[in-house]
Amino acid sequence: MNSTLYKVGVPLAAAILFLLFWEWLVWVNGWPNYKMASPSDLVPAFWKYRLLFIENGWQTLWRTVVGLLLAVIAGTALGMVMGFSKLMRDALYPLLVGFNAIPKATVVPILALMFVGEHNLNTILIAFMISFFPIAVSVSIGLSTLEPEYRDILRSLGASRVTIFWKIALPKTLPEFFGALKVAVTLAFIGTNLMEIVSPHGRGLGSLFDSGKISADYPLMFAVLLALAFLGIVLYYIVVLLEKIFAGWAERAPG
Amino acid sequence: MNSTLYKVGVPLAAAILFLLFWEWLVWVNGWPNYKMASPSDLVPAFWKYRLLFIENGWQTLWRTVVGLLLAVIAGTALGMVMGFSKLMRDALYPLLVGFNAIPKATVVPILALMFVGEHNLNTILIAFMISFFPIAVSVSIGLSTLEPEYRDILRSLGASRVTIFWKIALPKTLPEFFGALKVAVTLAFIGTNLMEIVSPHGRGLGSLFDSGKISADYPLMFAVLLALAFLGIVLYYIVVLLEKIFAGWAERAPG
Amino acid sequence: AETKTPFTLDWKFEGPSAAYFAAADNGHFAAAGLDVEISAGKGSLDAIPKVATGAFPFGFADINSLVKFLDQNPGAPVTAVMMIYDKPPFAVVGRKSLGVETPKDLEGKVLGAPPPDGAWAQFPPFASANDLDVSAITVEPVGFPTREPMLAEGKVAAVTGFSFSSFLNLVRLGVPEDDISTILMADYGLSLYGNAIIVNTEFAEANPDLVKGFLGAVAAGWKDVIADPAAGAAMVAKRNPAADVDLEAWRLKLAIDDNVATDYVMENGMGGIDAERMEAALAQIGETYEFKSAPDASLYFTDAYLPEGNFALK
Amino acid sequence: MTEPALIEIKGVTHAYQTATGPLPVLDNLNVSVPEGTFTAVVGPSGCGKSTLTKLIAGLLRPDRGEVWLHGERVKSPRKTVGMAFQNPVLLEWRTILDNVILPLEIVAPRMPKKDRIKRAEELLALVGLEGFEDKRPSELSGGMRQRASLCRSLVHKPDVLILDEPFGALDAFTREDLWQTMHELRRQEPFTSLLITHDLRESVYLADEVIVLSGRPATTQFVLDVDLPGERALDVLYQPKAVDYLATLRHQIQIAQGRATQEEAAQ
Amino acid sequence: MTEPALIEIKGVTHAYQTATGPLPVLDNLNVSVPEGTFTAVVGPSGCGKSTLTKLIAGLLRPDRGEVWLHGERVKSPRKTVGMAFQNPVLLEWRTILDNVILPLEIVAPRMPKKDRIKRAEELLALVGLEGFEDKRPSELSGGMRQRASLCRSLVHKPDVLILDEPFGALDAFTREDLWQTMHELRRQEPFTSLLITHDLRESVYLADEVIVLSGRPATTQFVLDVDLPGERALDVLYQPKAVDYLATLRHQIQIAQGRATQEEAAQ
Ligand SMILES: Nc1ncnc2c1ncn2[C@@H]1O[C@H](COP(=O)(O)OP(=O)(O)OP(=O)(O)O)[C@@H](O)[C@H]1O
Ligand SMILES: Nc1ncnc2c1ncn2[C@@H]1O[C@H](COP(=O)(O)OP(=O)(O)OP(=O)(O)O)[C@@H](O)[C@H]1O
Ligand SMILES: [Mg+2]
Ligand SMILES: [Mg+2]
């Protein structure tokens, strides 16, 4: 099979199958738009608001990406601290878990009150807060379960812990790291939208969703959700690309 | 150092330090309650509503646990499908990512409409939906990056894929699996509360938060958040316990 | 036997919900042969589809939202049958100490408004009805959670919001009551109606007597709480464990005075609408909302299930 | 026609697909191991010996040619094969005992737990690992891990035993002990075996036939029939016949590595 | 008093903490390797040889006793040590060339890339791995991986070279080639080396001194001074002196394994 054709074709086919199934489901059940809009209803909505979609999609996207980058940096740093020190792991893990168990929807108002009017900052902070945890967990696990044989290769040369992290631990856990990144991408997205919906500042796809809601335009609301899914997928493929470049060695033919 | 003392003491000390820092922060900035309540304000709230906390905490807890169990089962199954078949991985991953990029807050009303009045089902479903993804990702990565040397041990005996999964792939990825579970626990929690807040059915800590909100009882709202964090930590320790039992071998002394 | 009829509110269990709890707790629903389970909601656009799909035969929602909903989803089996908020709670809430007492005072000031706010959505017709120079008003987009705190801290001079919610929030934040000026848009040229009881039309056509009985029980419930708001607040507290009874009683009182027991209602009874005002309201909706098809008042409200002369409150 | 051999490799050709094109490893290889015999395979490092074992075990499918076991064509792995890999991977989450028991869990799921443990303990004792049953693999030395891996390949009494340099990490004496253990085991529970080794003495001591593979891509370069008594004592290696065998093999390997030609060998 | 030896192990005692209590591995061990010499250590499987290498490299701290390198007490690993582990772990995400270069990235971060590659390529060619520079570790055979690991231990020209059974997976001829390569390297870039091996011929051929360890817990049981020319040809092993050495070592190991007593050895 042609490999590029395969790579593009399979996900595309899956997506089309899914949309057809959705259309069929709505059609068979005769659901009205306000229960569940069908994909064919969304096309006019996309067309009508195409400029808004592009503008707001971009607004959502850049805040998500910035938040995600912050999450990668802070998550990796935190993961290193916890991976190298059992004490830190034991002390910080429960706090982090507790923090993460708090629904971010309730944190939004607090943040909004702390940094009144700083919409960009607030949105990025929420995207960051919601998405750094999986990254910290995966880095810390990668470090704390690193086989001594691997560690010793560099330790025997007197390498520092940080060097061991960069040369051995990180590359070795890259597959898991990218797995965590895939989860974090979607979480960061949710974070951005949460802020846009709960503490509206009139920008981003979240606000488009809200304005669809005000005018009871259900197809628009569903269209926004689909656009979010689409953006999520775009980000996902960027992560996949990075993974291919940095961790392509890890993929094995399935057994 | 006494080991049980250490195990209990370190997280406890970290928690106390954190609370003190919080108290200090509020005190130094002179924040009013509606901006950020301080821990000392929460004590009366806890005491006043102690029965409600226990009752609603339990409501939230059991739905979360059921949703999480579903997520573990479905996530593992999905992860197996994606881990064993590259085709399935290429086809399903983008769909799952797209689905996950949709803020669950917007899915709640749709679910609520689909299963009117089935509060338990709805809540559990949301907890499940929001938390299965990290598990599926970690299982699929564990399988698709399994070193052939490990696989061959069992393959050479004619073992089936499912056997290889149970005897080799799963145990080998247990550390990452538990890492994913730690993320999933907190997500499931968020899911339960989302339903309780967005589509109120009057039970669970989410509803207590809401009722604090209605009466602008800020200390109560913060107290609920703290209770959520606490429950999250309890669940986390249960996961840690399971991890100790099933994957204790993987923890290495840090380098 | 009593017929099970779920009833969805548009919002959480707050003071103004007391009337429905009174209808249940004081036996009015039972007397009409109904077993009503009351659910909280998440905004009118949560309640309307619940009724339209038939999952809930009855609901309580903003009629302006219903107008838009029916325009977007023509033929959806839902309509309003009894007007409750003769005046909608849409308001501009300002502080006298910051120089806001009448609509005109807004010119040259900063107005805080959450973009998706229901009251903000009605600001344009309100502005045109009062000849406001919109370009002279600085509109600051704020989030819901920051709205009242920003007014309390004087960062904005006024905000748009629901009369009773914003007022009480400000009081809670320590703003003196007599410093707060609530400019109810309905008092300044806004013709819009507010929340109404809505029904699933398929259900209503099949069970006209149940609907009539339901509306009668609702009216009785309102009479009960108007007579004794404190008792009403207690019923809310029964369903909302952490509720502050005094606060809810106050909220109920505000809703009764501003929105329910208006002069028109005292005159003409509760539940009905004035056709002319409805036409004006539709025109005002049209100022901000582009109708897909020409609005038709008969689609949105029917008095078929109301008694002659509506429900007298006096 | 004679009865078909238990392991039959017919014209097998195999190449690995690498980023820089195919790397031919086996070229039209023919090997046959009759039932109950012990065949050793020697050859230069990297010539394709481990690849051969994977083909026989059904872990790899040959590009061309056929592999037969028990008169059936091998298309996938089968339960009656025991395999000790060159790199003894033990499962870190299991104790040594549980590592050894693993094949029984797959092959004989209904065997009582007690019997499994007994069997595994016996084998561990045989290779000198008594007292280490409950240790984790990381607590073992390299040679001890290799011995545990050997036990794992034997535990389910396979008909066919494929050993890829099973004694590589052992000192001379432990190794010689295990040679004798192998002879002993073979007498008790007969199996057909293919042994990869780089120790010529080992091949002569253990095998009924030694196959010398040429350099990559490997073909059968030379086959030596070892005509020594079935029950061998260690000093058998000092018999003139055995010394002769060793010299022949040394020379053949030199040829395989391209350091000598067949002509020189004939001298 | 003589000048202190480069590697000095003084009264080292070490035990591993296991679930079932401490497992004593080394017991009051004394070893000293003078600068520029080559010392081989032999002993039964599981006696503590690999543990010894880790103590010298500073990867483990002894329970009692001291390890000195270059006249300094070893408390942590140091850059001037090259180590080839018994189990050659190569990093799967790097090519063979990049695996070999790794120590240079740590030890000589400022060395130009070109020089690094040149150095690594030279070493890989020396062990017969030319053409495999860009392969992944999983594409190599067991013996080839071991050779790559050997290159990795040598690439940064360490003063002290610790080799833990570096030729275990190699056939006799490749192994003998590498012996000669080691002699050659030692001449070009002198180093002090400690070699763990289970091949007695290897120890005699390569080392200036062979230490026989007793069974676990290991102590120095016997030290053999190898008095053979520095530049050795392979047939040196057939000299009577060497044959004698081998016989002595064989016997010592038998004693270490408890199969013979010192008295028998003396006979
Ligand atoms: N998975 C693989 N992908 C690509 N090439 C491989 C793979 N496995 C082995 N090779 C190549 O095939 C050749 C033969 O490898 P094999 O492991 O069969 O050798 P061997 O005879 O067992 O060597 P040794 O005695 O060193 O273990 C080697 O050149 C190696 O580089
Ligand atoms: N990390 C560890 N934890 C506990 N015990 C260990 C550990 N590493 C080794 N041991 C034990 O220490 C003893 C010596 O191990 P070591 O690896 O030093 O042996 P060795 O002499 O290198 O053996 P071989 O020749 O088989 O490689 C063994 O009995 C082993 O079980
Ligand atoms: Mg091999
Ligand atoms: Mg060792």
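Proteins get letters first, then strands, A, B, ... in listed order; numbering begins at 1 in each. Scope of the values below: all heavy atoms of this structure, side chains included, with no hydrogens, waters or symmetry mates.
With a 4.5 Å cut-off on side-chain heavy atoms, E:F85 and A:D152 count as touching. Residues A:I168 and E:L91 form a side-chain contact, since some pair of their non-hydrogen atoms from C-beta on lies under 4.5 Å apart.
Taking each heavy atom of A:I153 and E:V89 in turn, the nearest pair found is CD1-O, 3.4 Å.
For A:W166, the CH2 atom sits in a loose shell: 12 or fewer heavy atoms of surrounding residues, nucleotides or ligands are nearer than 6.0 Å. Other residues, nucleotides and ligands contribute more than 12 heavy atoms inside 6.0 Å of the OH atom of E:Y16. Counting non-hydrogen atoms of neighbouring residues, nucleotides and ligands closer than 6.0 angstrom, the OH atom of A:Y237 exceeds 12 such neighbours.
Ranking E:M83, E:K54, E:E105 against chain A, the residue ahead of the rest is E:E105, based on heavy-atom pairs under 4.5 Å.
Proximity to chain A at a heavy-atom threshold of 4.5 Å picks out E:I106, E:V107 from residues 106-123 of chain E, in numerical order. Among the residues in residues 55-66 of chain E, those with a non-hydrogen atom closer than 4.5 angstrom to a non-hydrogen atom of chain A are E:G58, E:L59.
With a threshold of 4.5 angstrom between heavy atoms, A:T163 approaches chain E through side-chain atoms but not through N, CA, C or O. Using a 4.5 Å cut-off between heavy atoms, E:I162 does not touch chain A at all.
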task: Go through the steps for E:L102 and A:L157 under the test side-chain contact (heavy atoms from CB on, under 4.5 Å), then give the verdict.
output: CA-CA 10 Å; E:L102 182 66; A:L157 291 163; 5.6 Å; no
